[in-house]
Amino acid sequence: MRRHRARGAAAVVALAVLAYPGVSAAEPAESHASVRLDPRRMVGGGSVPAHFVGFSVEWSLIERYMGPDARPAFVNLLRNLDTGVLRIGGSSQDVMRFDASAANTNEVITPEDLADIRATLDAANAGGGDTPRWGVTLGTAMAPATAGRPWRGPEHAKTFVTQGVQPAFSGADEYIAAVSLGNEPDLSYGYDLPEYLSDFAAYSGADVTGPYPLVTPNTSEPIAPWQSIAEGSVETRFFGDWPAILDATAGPTKAKAGGFGAWAADHFYPLARTCTSDPYRCPTIPALLSDERLDNFTYQVHTHAAEAARHGLAYRVEELNTAAGRGAHGVSDVAASALWALDAMFNAACPQPPHAPSVNAECGTGAAGVNFHNAEVRAFFHPEEGNGYYNAVNFDPSPAMGSPAPAPEYYALLLFSRFAQGTTGLRPVPVTVNTAEGGQVRAWRVDGAASERRLFLINKGDRQASVDVAAPGKTYQLDRMTPDDPSGAGRTLDAPGVRIDGRVVAPDGSWPGFQPTAGTTSAGHARITLGAGEAVVVTIHGHV
């Protein structure tokens, strides 16, 4: 198990938290694990920015998420999360041309698509004050021209901005977080760094993004152990080239920084849907939730976030999800994906790199946000075939193109956005393990209002775990994210649904509100019982 350095040696007041049904402070039993929550507010570092959460959506799906019939529910799903950043792009941005005069089909980017995005943001930001609740990154092609796509080049990108973005967002420039140049250039340029940097210089010199911020480089990496990437024993694409890339791109990026800041971007997938030639890529729930795959993620995030910071940039994981190739059925579309997503967001905000586990104990290095990717199940331009298995929000594949609906991952974003996003005092909390069951529990803390501490407990195991909690405070609330198996078969990690406090999002995309369990603390030790695949937020009141 990964060990984190505890912060502070001050005496800790024991917190008796009413446990899961059947367990109480009056019925002590051997705990599987225990944690202590430092009574002090955490000073410096360790913040989770507003706009941390977000979705990434392919251009080919605009009507499915943001068309007139889909928009009301999608807007509600955004507003439930309070603030965030949409990213419109992915591989589709390098294969779909913008054409101001084309009919609005799934295979071309049109002014109608941009108008739908603008209308969605208008609704999501209504009544939100001067700072937009939601912004958007709009992706355009930056890849070598080919016989099949001769239109790729600086002129096309400039036309996208002048004839598409500017008319659609007139009077709402503040919504534009950035214009993204190209998707996964390591792949589109065949690992040819000089060609990529030459093209970036041409695009930058032509000022293709006009008045809007730009973002690069959106690199991806092979699904491989972090040790192999660190030692260069696998093809690392552009991983080790970030210093050279940011030497070239950071200046223009910072010069155009907007209200959402300036950042460099990465993509990450711990597994892949197809793995016949490489078993390491094969998707399973144990692999998804393993420390090993999390180590691969935190190594990438810490390495590239530190390099971005050295160049005066923030860092965002602009495309993230469970398994490359649109996810894997039974892994990406079940309750385990929500646990993974929740833990991944904390580890993105405060990566504990496996090669130097104490170097980021203060959470001073990390991502400014993440975007969970959404796509069609098989290929671009065929949404009628259904949703990618990893989608956090499922679109309506029918001709009606009606209301999108939340998938399991969405509930992780909801829990994180409401209880962690925009907070300070972020720290990993050491978990003392007494039995094997306790070894699957992970813990994080943040500070809420002046008298609030929030402790996140995440049980990534397939068995119940009891956690003995000691912490300051007078009263508490418990909010639970729990696997939901409507069939009654008792599935947990592989359950098809998720609930928070026993509740689900309404058909119109609205959230009925949290319904926490409340109680008063007392002396002694109590146990919080976490069901298999369950996460709990313990909000503690009454201590400064």
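Residue indices begin at 1 and follow the sequence shown.
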### Query
Do NZ/NE/NH1/NH2 and the carboxylate oxygens of R453 and D447 come within less than 4.0 Å?
yes
### Task
Applying side chain to side chain contact (heavy atoms under 4.5 Å, CB included), run through R316 and V85 and close with a yes or a no.
CA-CA 11 Å; R316 192 172 183 97; V85 177; 3.7 Å; yes
### Message
Within the 4.5 Å heavy-atom criterion, are L339 and I458 side-chain neighbours or not?
### Response
yes
### Message
Whether the side chain of Q93 engages the backbone of G182 through a donor-acceptor N/O pair (distance < 3.5 Å, no angle test) should be reported.
### Response
yes
### Task
Say whether, by atom type as modelled, one donor and one acceptor occur between the side chain of Y410 and the main chain of V505 under 3.5 angstrom.
no
### Query
Distance from H304 atom NE2 to T365 atom OG1, nearest 0.5 Å?
13.5 Å
### Task
Would you check if there is a donor-acceptor pair between the side chains of E534 and T482 at a distance under 3.5 Å?
yes
### Message
Is it the case that the side chain of N347 and the backbone of Q352 share a donor-acceptor pair, with hydrogens and angles ignored and the cut-off at 3.5 Å?
### Response
no
### Task
Please work out which of the three classes, parallel, tilted or perpendicular, describes the rings of F514 and W511, given edges at 30° and 60°.
perpendicular
### Query
Would a line drawn from the ring center of F55 to the ring center of Y65 be shorter than 6.0 Å?
no
## Note on the structure
Rounded to the nearest 0.5 angstrom, the CG-CG distance for L86 and N371 is 8.0 Å
#### Entry: Nearest heavy atoms of R499 and G502, plus distance in Å
NH1-O, 2.8 Å
### Message
I'd like to know whether E452 forms a salt bridge (Lys or Arg N to Asp or Glu O under 4.0 Å) with R454, so could you lay out the CA-CA distance, the side-chain angles of the two residues, the decisive distance to 0.1 Å, and finally the verdict.
### Response
CA-CA 7 Å; E452 281 189 358; R454 294 178 189 149; 2.8 Å; yes
### Query
Are Q477 and T517 close enough that a side-chain donor and a side-chain acceptor fall under 3.5 Å?
no
### Task
Give the minimum heavy-atom separation between D501 and L478, together with the two atoms involved.
OD1-O, 4.0 Å
### Task
Would you give the length of the straight line joining atom CG of L342 to atom CD of E409, rounded to the nearest 0.5 angstrom?
11.0 Å
### Message
Just by distance, no angles: are the side chains of H267 and E184 close enough, under 3.5 Å, to form a donor-acceptor pair?
### Response
yes
### Task
Would you check if the side chain of D462 reaches a backbone N or O of T492 as a donor-acceptor pair within less than 3.5 Å?
no
### pair Q300-F239: side-chain heavy atoms closer than 4.5 Å
yes
### Main-chain N/O of W242 paired to E307 side chain as donor or acceptor, under 3.5 Å
no
#### Entry: Side-chain heavy-atom pair I528, S466 within 4.5 angstrom cut-off
no
### Query
Taking D485 for the side chain and R491 for the main chain, is one N or O donor matched with an acceptor at less than 3.5 Å?
yes
### Task
Kindly compute the distance separating CH2 (W59) from CG (D94), expressed to the nearest 0.5 Å.
12.5 Å
### Task
Applying salt bridge (Lys or Arg N to Asp or Glu O under 4.0 Å), run through R442 and D291 and close with a yes or a no.
CA-CA 11 Å; R442 301 294 177 264; D291 284 354; 2.9 Å; yes
### Query
With C275, which residues qualify under side-chain contact (heavy atoms from CB on, under 4.5 Å), at least two apart?
R281, C282, P283
### Query
What distance separates S56 OG from N374 CG, expressed to the nearest 0.5 Å?
7.5 Å
### Query
Does a side-chain heavy-atom distance below 4.5 Å link L414 with L81?
yes
### Summary
Between L246 and A308 the two heavy atoms that sit nearest each other are CD1-CA, 3.7 Å
### Message
Under 4.0 Å between a side-chain nitrogen and a carboxylate oxygen: does that hold for R237 and E221?
### Response
no
### Query
Do we get R418 above F456's six-membered ring, with its NZ or CZ under 6.0 Å from the centre and within 45° of the axis?
no
### Message
Once rounded to the nearest 0.5 Å, what's the spacing between atom CG of L415 and atom CE of M345?
### Response
8.0 Å
### Task
Spell out, as yes or no, whether a donor-acceptor pair under 3.5 Å connects the side chain of T137 to the backbone of R87.
no
### Listed once per pair and sorted, the salt bridge (Lys or Arg N to Asp or Glu O under 4.0 Å) pairs that draw on residues 334-355, sequence neighbours left out
D343-K460
### Task
Using the test side-chain contact (heavy atoms from CB on, under 4.5 Å), find all partners of D241 that sit at least two apart in sequence or belong to another chain.
L193, F238, I245
### Task
Any chance you could lay out the side chain to side chain contact (heavy atoms under 4.5 Å, CB included) test for S47 and L426, step after step, and finish with the verdict?
CA-CA 6 Å; S47 64; L426 171 67; over 6 Å; no
### Task
Could you tell me whether R64 and E376 have a side-chain N and a carboxylate O separated by less than 4.0 Å?
no
### Task
May I ask you to decide if W226's main-chain N or O and N296's side chain share a donor-acceptor pair within less than 3.5 Å?
yes
### Task
Determine whether the aromatic ring centres of W263 and Y315 lie less than 6.0 Å apart.
no
#### Entry: Exercise: do T219 and D266 side chains pair donor with acceptor under 3.5 Å
yes
### Message
For a side chain to side chain donor-acceptor pair (under 3.5 Å) check, start with the C-alpha distance between S34 and N434, then their side-chain angles and the critical distance, and finish with the verdict.
### Response
CA-CA 8 Å; S34 59; N434 300 330; 4.9 Å; no
### Task
Take F52 and F416 through the ring pair (Phe, Tyr, Trp, His ring centres under 6.0 Å) test and state the conclusion after the steps.
CA-CA 9 Å; F52 187 92; F416 186 93; 5.3 Å; yes
### Query
Which residue pairs pass the side-chain hydrogen bond (donor to acceptor under 3.5 Å, both in side chains) test when at least one of the two sits in residues 328-342, sequence neighbours left out?
T322-S332, H329-D333
### Query
Any donor and acceptor pair, going by atom type alone, linking the side chain of E58 with main-chain N or O of I88 inside 3.5 Å?
no
### Task
Would you name the heavy atoms of A532 and N459 that are closest together and state the gap between them?
CA-ND2, 3.7 Å
### Query
Hey, does the side chain of N321 reach the backbone of E319 with a donor-acceptor pair shorter than 3.5 angstrom?
no
### Query
For Y189 and D199, does a side-chain donor sit closer than 3.5 Å to a side-chain acceptor?
yes
### Query
Do F268 and Y299 have ring centroids that are under 6.0 Å from one another?
no
### Task
Identify the two heavy atoms, one from H373 and one from G89, that lie closest to each other, and give their separation to 0.1 Å.
CE1-O, 3.7 Å
### Message
Between E231 and S233, is there a side-chain donor-acceptor contact under 3.5 Å, judged purely by atom types and distance?
### Response
yes
### Message
With a 4.5 Å cut-off on side-chain heavy atoms, are H51 and W134 touching?
### Response
no
#### Entry: Non-neighbouring partners of N360 that pass side chain to side chain donor-acceptor pair (under 3.5 Å), sequence neighbours left out
none
### Message
Using side-chain heavy atoms (C-beta onward) and a distance below 4.5 Å, is P270 in contact with L288?
### Response
yes
### Query
For E235, what residues pass the side-chain contact (heavy atoms from CB on, under 4.5 Å) criterion, not counting sequence neighbours?
Y191
### Query
With a 4.5 Å heavy-atom cut-off, do P483 and L493 have their side chains touching?
no
### Message
How close do A287 and L271 get, counting heavy atoms only, and between which atoms?
### Response
CB-CD2, 3.9 Å
### Side-chain touch T253/T216, heavy atoms, less than 4.5 angstrom
yes
### Query
Do R293 and Y280 meet the cation-pi criteria used here (NZ or CZ under 6.0 Å from the six-membered ring centre, within 45° of the axis)?
yes
